[in-house]
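Counting begins at 1 with the first residue of the sequence. No experiment lies behind these values; they were computed from the predicted model shown.
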Amino acid sequence: MSARRGTVPVRGYGLTPWSRALVDVAEGRFAGDGIQPSVEHHKITKARRYFRDRHVHRLTIGTGRITSSVEGSQLDPFGVTIEIRTVDTATVATLLRAADGVTEVMSLARGDQPSTVGELLLPTESADIAGDCTCPDVSGRCIHVLSTLYEVAAEVDRSPNILLKVMGTSLPELLDAIEELTPSRTESTSAGAAPAGESSDDENAYTPPQIDFYGTGATAPPLPSPPRMNPLTDLDGAALRAALRTSGVAPGDIAEAVDELGDLYDRIIDE
């Protein structure tokens, strides 16, 4: 069913923890702490509009490299190339074992975005993302680069495997690397066996299992870190447009009003 004339569908991105963290780094907010972005607000606002109006075409997401073609202010679209610092799969697997995060890897198959895995994969600073565009803006964070990164964030919302791909790894590769770090049963038995010709002093001793029924010796889990939310993308688009029309906003100005609300919300949480 086609949308009614005068209505504008509201597209969303940054709806999941990994996607939101990627957007925060792209805008210079750094890991979702909500600080003042280093990218100018007018660029963010216009890039959101480009994303919403589907100005980004031919999006290609590869290992450490993203390309797209973005409709802009000129007749010909601008070409965007983004290079992202990739990770070493073996190093990530080692750090996951050290952080007891191996079990979290399996949750990726269910579409989850575990925090421990995300912390080891996601870019952490603006220098990790290098943008280049054929437009006159040479800052590396033009509206065309930003709108392309918003499209990537929307893809991460749909599937966490997109982030693994762009960061240079995959779920099978992570599982293989973790398996290589796991000692085999033969090695474990050999390491614990007594030397030949000698018998262990505790060979015939029985040690009852120690069961902590009440969890008195357990380590408390860390407090949750709620992801930074964007209420505009959580609202029902039709209800939001109806509320704006009721408040006196002309139908042709609704799209701009939505962008201004998003900019206002960012300013409120920054303060």
All N/O donor-acceptor pairs, side-chain side in residues 139-151, below 3.5 Å, sequence neighbours left out:
from   : atom 1 : to     : atom 2 : distance (Å)
Ser139 : OG     : Lys43  : NZ     : 3.1
Ser139 : OG     : Asp137 : OD1    : 2.8
Ser139 : OG     : Arg141 : N      : 3.2
Arg141 : NE     : Ala26  : O      : 2.8
Arg141 : NH1    : Ile129 : O      : 3.1
Arg141 : NH2    : Ser126 : O      : 3.3
Arg141 : NH2    : Ile129 : O      : 3.1
Ser147 : OG     : Ile143 : O      : 2.9
Ser147 : OG     : His144 : O      : 3.0
Thr148 : OG1    : Ser68  : OG     : 2.7
Thr148 : OG1    : His144 : O      : 2.8
Tyr150 : OH     : Glu27  : OE2    : 2.5
Glu151 : OE1    : Arg11  : NH2    : 3.4
Glu151 : OE2    : Arg11  : NH1    : 3.0

- Query: Between Phe78 and Phe51, is there a shared hydrophobic cluster once you connect ILVMFWY residues whose side-chain heavy atoms come closer than 4.5 Å?
  - Reply: no
- Hey, are the side chains of Thr169 and Val92 touching, using non-hydrogen atoms and a 4.5 Å cut-off? no
- Note on the structure: For Ala177 and Ala90 the tightest heavy-atom approach is CB-CA, 4.4 Å
- Provide the full list of ring pair (Phe, Tyr, Trp, His ring centres under 6.0 Å) pairs with a residue in residues 55-75, sequence neighbours left out, each pair given once. Tyr50-His55
- Note on the structure: Taken to the nearest 0.5 Å, the spacing of Leu120 CG from Glu104 CD works out to 9.5 Å
- Message: Looking at every non-hydrogen atom in both residues, tell me the closest pair between Thr134 and Gly79 and how far apart they are.
- Response: OG1-N, 2.9 Å
- Message: Distance check, rounded to the nearest 0.5 Å: Thr67 atom OG1 versus Asp132 atom CG?
- Response: 12.0 Å
- Message: So which atom in Gly28 and which in Ser38 form the shortest heavy-atom distance, rounded to 0.1 Å?
- Response: CA-OG, 3.4 Å
- Item | Enclosure of Arg85 CZ (heavy-atom neighbours >12, cutoff 6.0 Å) | yes
- Out of curiosity, Thr116 OG1 to Leu95 CG, how far, rounded to the nearest 0.5 Å? 11.0 Å
- Query: Quick one: CG on Leu244 to CD on Glu256, what's the gap to the nearest 0.5 Å?
  - Reply: 12.0 Å
- Item | Validation row: Leu108, Leu164 side chains within 4.5 angstrom (heavy atoms) | yes
- Does any non-hydrogen side-chain atom of Leu122 lie less than 4.5 Å from one of Asp128? no
- The reported gap from OG1 in Thr60 to CD1 in Ile82 (rounded to nearest 0.5 angstrom) is 11.5 Å
- Message: Would you compute the distance between atom CG of Leu121 and atom CG of Leu96 and round it to the nearest 0.5 angstrom?
- Response: 7.5 Å
- Message: Counting C-beta onward and ignoring hydrogens, is there a side-chain heavy-atom pair between Val156 and Gln113 closer than 4.5 Å?
- Response: yes
- Among Thr63, Ile66, Thr86, find the one that has a side chain to side chain contact (heavy atoms under 4.5 Å, CB included) with Val166. Ile66
- Within residues 152-163 or reaching into it, pairs that qualify as side-chain hydrogen bond (donor to acceptor under 3.5 Å, both in side chains) - sequence neighbours excluded: Thr16-Asp157, Ser19-Asp157, Glu155-Arg158
- Query: Taking side chain as C-beta onward, heavy atoms only, is Thr124 less than 4.5 Å from Val25?
  - Reply: no
